[in-house]
Amino acid sequence: LFLINFATIAIAYWCCHQMCHNRVISYVCAMLYALMPYRLSDMYQRSALGETIAITFLPLIAFGIFAVFTYEVKNEKYKKLWIPLILGFTGIIQSHILTCVLVAYVIIFVCILQIKKVFQKERFWVLVKTVIYTSLLNAWFVFPCIFSMEHLDISQPYKGKILIQYSGASLAELFTFWGKGNTTVKGIGFCLGVGLFIYIYVWCKWNKKMSKQGLFFWMLSLVTMFASTVYFPWNKLSVLLGEYSGLVNKIQLPTRILGISAAMAMFCLCFALHELQLQNYKKEMKYVACILLMVGLIAAEYNIQTGDNMRIIYDFAGLGRTDCCVAEYVYYEEDNYTNEDWQRTRLLLDELTPGLVTASENVVIENYQKEGTATYLYCDSFSDTEGYIELPLLFYEQYIATVDSGERLQTCYGENHRLRVIIPAEFSGDIIVDYKRPLWWRVCDVVSALAWLGVLMMLIKDNKKRAVGE
């Protein structure tokens, strides 16, 4: 958690410093971003580690997209804008897929608004390079993930049927100081909210002298915050999409977009404080920055100290009947999955059995152990018909079950999509179940490794040219 917090502050600081070239302003804005109530709630209350890590990389994407559409294309730095973009996209791809989806929606929205600039040669080329390099750098993960999901129908059915609008935030929650108990804080917080008001005040006062670039962030922050609330028509949009309603409903929580809103609000505050400094209001700027930072720290400490105690609900790699308390991954074959079905299959904490291994009648399992991706066990079948064993692993076609002689046993779906191994009649012997990656997945590994090496060499070469020029 320390490393995540450190990386969040460091990345946000770097991005803000690119905007204002002021260390104090950059540090204050980065700290307020890291102290955002929704982020702290993700980290310390919801234990949403993937989303927390994704929030770490959002400033890189926000800065990159902003720079692509606002920087002068003749600027020497312009050709390198794909670097923060690919690093930002790689960070969220490797940590939280849903954040990737939300970022994609926002970028599509921005590109529509900036459609003329999108097709300017230099800007278009930066966007194309971003897509190509991001795809190559993450080929080792993205393509195997997509193909593994092809026949894996565990797409959280109950959430595909339940509308999400009323899981959003209210207007008051958007700018709250803190939450209550174990309640998720649904807002960017008071300090970043004040930052938005400070920006629009500063812009209105010196709009003739002030750059309009910050308005890009200000407007986008308001739009994304509106999308995170109960007032945004998510339910109507879901009905309108019909069979494609999963594009909306599988977001699960509209408040997930608050990370994007906070990144935009952070840059607005950065612009506003920088403008106060340029207008010779340095003392006032420092007072404002100090007050906001103190309030942010106090609110963050209160949020952390008043949250419910953490609980461990499962052990290593164990899958129970529904695996995570709320039927997250119930395998289903029919479309008529209702809220009552969800409640009926819901798992209580005390029902969860880590490492559960089951078998059919007259099949006995001994010496079960797991090392890495491989599972080892001894099995005896006292039946004259086929039996089966079910392991605490989700079924993937890449799992291969073999016996000592090298003969493969049949594998298929078991209860709740667990891995089932078919045991021949009167079988006795050791069984090894291991995950075998297809050869073309290895090719993806090589492609990603070469892509990373290529990017690193380009950066080294660019630094050498800069050193020679200086």
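Below, all heavy atoms of this structure are taken into account, side chains as well, without hydrogens, waters or symmetry copies. Predicted, not measured: the structure shown is a model, and the values here were computed from it.
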Side chains of C16 and Y27: closer than 4.5 Å at any heavy-atom pair?
-> no
So, do D430 and Y376 sit near enough that their side-chain heavy atoms are less than 4.5 Å apart?
-> no
Kindly determine whether L409 and I400 satisfy side-chain contact (heavy atoms from CB on, under 4.5 Å), including the steps that lead there.
-> CA-CA 8 Å; L409 301 180; I400 307 297; over 6 Å; no
Give a yes or no on this: more than 12 heavy atoms of other residues, nucleotides or ligands lie within 6.0 Å of atom CD of E72.
-> no
Step through the shown structure and confirm whether more than 12 heavy atoms of other residues, nucleotides or ligands are within 6.0 Å of CZ on F6.
-> no
Roughly how far apart are L136 CG and L450 CG, rounded to 0.5 Å?
-> 9.5 Å
Check: M458 and Y133 side chains under 4.5 Å, non-hydrogen atoms = yes
Please examine the side chains of L247 and Y105, heavy atoms only from C-beta on, and report whether any two atoms are closer than 4.5 Å.
-> yes
Is any side-chain heavy atom of L459 closer than 4.5 Å to a side-chain heavy atom of I83?
-> yes
Are T8 and R39 close enough that a side-chain donor and a side-chain acceptor fall under 3.5 Å?
-> yes
Between C270 and I25 the two heavy atoms that sit nearest each other are O-CG2, 3.9 Å
Could you tell me whether a side-chain N or O of S448 sits under 3.5 Å from a main-chain N or O of L137, the two making a donor and an acceptor?
-> yes
Once you round to the nearest 0.5 Å, how far does CZ of F119 lie from CD1 of I115?
-> 4.5 Å
Would you indicate whether the side-chain heavy atoms of T255 and L258 approach each other to under 4.5 Å?
-> yes
Count the heavy atoms of every other residue, nucleotide or ligand shown that sit under 6.0 Å from NZ of K436, and state whether that count exceeds 12.
-> no
Side-chain donor-acceptor pair under 3.5 Å between Q18 and Y13, yes or no?
-> no
Rounded distance [0.5 Å steps], CG in L113 versus CE in M219 | 8.0 Å
Check the pair E390 / Y388 against side-chain contact (heavy atoms from CB on, under 4.5 Å), numbers first and verdict last.
-> CA-CA 7 Å; E390 288 187 355; Y388 67 84; 3.9 Å; yes
Trace of the side-chain contact (heavy atoms from CB on, under 4.5 Å) decision for F267 with F63 | CA-CA 8 Å; F267 287 127; F63 164 71; 4.0 Å; yes
Yes or no on ring pair (Phe, Tyr, Trp, His ring centres under 6.0 Å) for Y78 and Y71, after CA distance, side-chain angles and deciding distance?
-> CA-CA 7 Å; Y78 194 83; Y71 278 21; 7.2 Å; no
Might you confirm whether atom CD of Q369 has over 12 heavy atoms from other residues, nucleotides or ligands at distances under 6.0 Å?
-> yes
Knowing that exactly one of L85, V110, T130 qualifies, which makes a side-chain contact (heavy atoms from CB on, under 4.5 Å) with V68?
-> L85
Rounded distance (nearest 0.5 Å) linking atom CD1 of I55 with atom OG1 of T99 = 7.0 Å
Keeping the roles fixed (side chain from S228, backbone from M225), state whether a donor-acceptor pair exists under 3.5 Å.
-> yes
Can you find a side-chain donor-acceptor pair between S428 and D380 that sits under 3.5 Å?
-> yes
Are any of the side-chain heavy atoms of I9 and Y33 separated by less than 4.5 Å?
-> no
State, to 0.1 Å, how close S167 and K186 come at their nearest heavy-atom pair, and which atoms those are.
-> O-NZ, 3.3 Å
Look only at the side chain of T224 and the backbone of L220, and say whether a donor-acceptor pair between them is shorter than 3.5 Å.
-> yes
Got more than 12 heavy atoms from elsewhere within 6.0 Å of CZ, R23?
-> no
H96 versus R256: any side-chain heavy-atom pair under 4.5 Å?
-> yes
When you look at CZ of F124, are more than 12 heavy atoms from neighbouring residues, nucleotides or ligands closer to it than 6.0 Å?
-> no
Test log, rule side-chain contact (heavy atoms from CB on, under 4.5 Å), inputs Y399 and D434 | CA-CA 6 Å; Y399 275 113; D434 202 359; 5.9 Å; no
